[in-house]
There are 2 protein chains.
Amino acid sequence: MANIHDVAQAAGVSIATVSRMLAGENIRNRTAVENAISALGYRPNASARGLRSGRHHTIAVIVPDIANPYFATLVRGIEERVIARGYRIIVASSDEQFTAETEVLGGLMDAVDAVAIVPAEASERTNLMLAELGKPVVLIDRTVSDSPDFDLVHVDNAKGARMAAEHLLSLGHRKIAIISGRQESLPGQVRHTAFIEALAAAGVEIDPGNIKIGEFTRAFGQSAASELIDGGLDFTAVFVGNNTMAQGALLSFHEAGITIPERLSFICFDDFDLAELLPAPVTVISRPAIAEGHAAADLLLARIQALDAAEQPAFRHLILPVQLTVRQSCAAPAGP
Amino acid sequence: MANIHDVAQAAGVSIATVSRMLAGENIRNRTAVENAISALGYRPNASARGLRSGRHHTIAVIVPDIANPYFATLVRGIEERVIARGYRIIVASSDEQFTAETEVLGGLMDAVDAVAIVPAEASERTNLMLAELGKPVVLIDRTVSDSPDFDLVHVDNAKGARMAAEHLLSLGHRKIAIISGRQESLPGQVRHTAFIEALAAAGVEIDPGNIKIGEFTRAFGQSAASELIDGGLDFTAVFVGNNTMAQGALLSFHEAGITIPERLSFICFDDFDLAELLPAPVTVISRPAIAEGHAAADLLLARIQALDAAEQPAFRHLILPVQLTVRQSCAAPAGP
DNA sequence: CTGCAAACTGAAAACGTTTACAGTTGTTCA
DNA sequence: TGAACAACTGTAAACGTTTTCAGTTTGCAG
């Protein structure tokens with residue numbers, strides 16, 4: 001491994017000059033140094049550079065579970081943007097555990113320049129933990145408090161939920177069920193509330209027995225749907241708060257022989273692979289995971305760049321649009 | 001940020017002693033140092049450590065595309081194992097490009113201890129490039145030559161393909177189509193060959209017009225299926241080489257109104273989310289992505305550990321079992 | 001007690017950069 | 001021609017560790 005001394009020697013200059021050239025400054029005999037660099041195949045040592053300068057050209061990406069296709073796509077979006085700027089990403093899964101986040105970030109702070117995180121909790125301790133890192137942070141998909149001192153990228157959950165509600169209403173549904181995710185999380189809470197409010201605005205109320213709230217997991221979706229079925233299925237449409245719960249719910253409804261959309265209209269948040277191939281292709285509110293990743297990365301890179309400027313830019317909250325993708329899982333309710 | 005000097009001072013010892021304690025050696029007054037460490041919240045600086053010792057406690061993970069659920073799950077498996085041993089992962093997508101792999105790894109070699117890679121090509125240049133890194137490498141899912149000088153983890157593709165063939169044969173199929181992925185890749189080539197050989201062993205030959213070979217992508221699966229449909233659909237069953245192609249093919253067949261399994265039996269490699277929810281839940285050969293990740297990580301960690309031992313362990317090729325998951329997409333061929 | 005091995009310790013060098021400081025060279029203008 | 005200034009350059013000190021080397025302490029047998 002050639003180091004900066006070798007290059008300097010080969011080019012007949014001092015290491016300082018090489019370093020400066022690498023930093024983009026003008027030097028007298030640039031070509032000699034360039035030649036030496038390519039002849040020796042020199043690459044600056046990241047550890048030495050990081051140690052001395054505190055810049056690591058690395059970004060920590062913390063998601064609840066990298067195996068979840070939505071988060072994986074998000075990571076891909078982040079990766080695409082940061083790679084282009086010479087940064088790399090360290091990925092870690094938190095399993096929705098605050099403690100895991102703390103643990104991981106604690107061990108990472110001396111090696112990264114910034115953090116992109118889908119936080120597990122919207123809690124004060126999360127807020128505090130992130131603030132104490134003292135590095136640029138971008139929250140994705142969820143927030144940690146009403147107006148956090150971080151950049152924030154998410155989608156228009158309220159609008160999406162309203163679109164879902166209006167779609168069902170316009171088809172004539174009046175008895176509607178809802179399966180929602182954790183109310184402690186931004187998407188869980190906003191989607192739930194906005195959906196219910198949109199219904200209320202049309203004079204429709206949900207029977208408390210038809211409201212299920214739990215984890216954003218397939219398992220919960222499945223059990224929630226089972227409970228609804230056991231409860232007598234006293235509704236004609238159901239709104240599910242995300243794709244994993246939706247898959248679980250579909251499983252339960254399918255097993256119970258409940259036909260979609262004849263017996264039950266089905267709509268959910270988040271598109272998923274094959275949603276279009278199901279017996280009744282699922283109508284969804286979809287969101288742009290890749291674009292979210294891009295936006296998050298751009299925000300972070302801008303903030304890193306601004307780090308040695310006099311004053312920091314204000315925190316930005318980016319809200320990306322969602323889309324109603326109408327397929328065939330929603331129909332007019334069956335007559336009495 | 002407290003550093004080792006602060007700890008040493010607080011504990012009344014030299015920095016060497018602190019360093020040694022951290023390395024697991026015995027020291028006289030361990031508790032004093034431990035107290036100082038926790039009182040100051042000291043964490044060794046990764047850059048300094050990496051610079052001095054050359055150990056980075058970091059592993060590079062290169063996959064074709066992190067957004068692909070299979071690779072995402074694989075990464076999760078690696079992460080789980082590696083985190084438990086105090087390592088972190090840097091993830092990068094190659095987009096199946098050798099040049100991207102080279103680029104990424106070149107920039108990473110001064111920051112990682114080992115590389116886990118799903119290589120884009122089974123080429124000599126890939127082999128060479130990886131060998132030149134001079135670090136432990138584990139190949140996952142694909143190889144780069146007949147007997148590469150690396151550890152290797154993959155699944156029993158040949159057995160899986162045979163199981164698929166035998167399943168179809170046992171149902172009575174004799175006219176069978178195949179959609180295969182890149183023959184330059186291990187799984188592409190092995191699955192293809194083993195399937196055809198298994199059929200041949202039963203005296204069944206595939207009409208060349210019913211063989212489609214292309215990229216491991218949804219787009220190719222879709223177009224391949226379209227071509228087969230346009231070709232008159234002169235077969236009663238089809239075997240598809242992986243899940244993404246399978247999804248594309250299902251889309252085409254679905255659009256063309258071809259019923260599964262009545263008109264066409266369908267079987268593919270790789271399970272996928274919701275395979276069980278389709279109109280005809282898909283029968284698949286599934287492989288354990290998480291377990292592959294675990295195995296790869298274990299191999300790598302063992303090799304890192306052995307790095308300063310006298311002699312290196314022999315290269316291991318781990319072949320994990322696959323499983324035939326029978327659902328409802330295969331049936332006896334319709335009578336003439 | 002003494003001596004000796006074993007167990008531990010500290011000083012200092014090294015890892016490969018960036019950067020402050022103090023020069024040095026080159027250019028421009030009186 | 002020389003002064004003033006801009007543009008570039010080199011030396012050397014950091015950054016926070018690990019590790020070698022040369023001690024020092026401890027424990028134990030004689």
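Quick caveat: nothing in here was measured; it's all calculated off a predicted structure. Numbered from 1 within each chain, the chains take letters A, B, ... in sequence-line order.
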Evaluation steps, side-chain hydrogen bond (donor to acceptor under 3.5 Å, both in side chains), between B:Y70 and B:E292: CA-CA 11 Å; B:Y70 168 70; B:E292 287 185 82; 2.6 Å; yes
Donor-acceptor contact below 3.5 Å, side chain A:R81 vs main chain A:L301: no
Check: B:T73 side chain, B:F71 main-chain N or O, donor-acceptor pair, under 3.5 Å: no
Any base atoms under 4.0 Å from [X], or only sugar-phosphate, or nothing? Heavy atoms, all strands.
X	value
B:N26	sugar-phosphate
A:R55	nothing
B:I27	sugar-phosphate
B:R30	nothing

Would you indicate whether the side-chain heavy atoms of [Y] and [X] approach each other to under 4.5 Å?
X	Y	result
B:V153	B:L299	yes
B:V33	B:V7	yes
A:R142	A:P64	yes

Mind calculating the distance between [atom1] ([X]) and [atom2] ([N]) to the nearest angstrom?
X	N	atom1	atom2	value
A:N29	D:dT9	CG	C1'	10 Å
B:M109	C:dG16	CE	C1'	17 Å
B:M21	D:dT18	CE	P	11 Å
A:H57	C:dT17	NE2	P	13 Å
A:Q9	C:dG16	CD	P	14 Å
A:H56	C:dG16	NE2	P	17 Å

Pi-cation contact, A:F150 with A:R316 (under 6.0 Å, within 45°): no
Consecutive Watson-Crick or G-U pairs in runs of at least 3, all under 3.5 Å, in which DNA chain C is involved: C:1-30 with D:1-30
Residue whose nearest DNA chain D nucleotide is more 5′ - B:R43 or A:E25: A:E25
Distance-only polar pair, side chains of B:T99 and B:T102, donor-acceptor under 3.5 Å: no
Distance below 4.0 Å between A:S14 side-chain N/O and D:dT9 OP1 or OP2: no
side-chain N/O A:N45 vs C:dG16 OP1/OP2, d < 4.0 Å: no
Whether over 12 other heavy atoms sit under 6.0 Å from B:R30 CZ: yes
Distances under 3.5 Å between protein N/O atoms and the N/O atoms of nucleotides 18-27 of chain C, please, pair by pair.
| unit_1 | atom_1 | unit_2 | atom_2 | d |
| --- | --- | --- | --- | --- |
| C:dT18 | OP1 | A:R49 | NE | 3.0 |
| C:dT18 | OP1 | A:R49 | NH2 | 3.4 |
| C:dT18 | OP2 | A:S19 | OG | 2.4 |
| C:dT18 | O2 | A:R52 | NE | 3.3 |
| C:dT18 | O2 | A:R52 | NH1 | 2.7 |
| C:dT19 | O4' | A:R52 | NH2 | 3.2 |

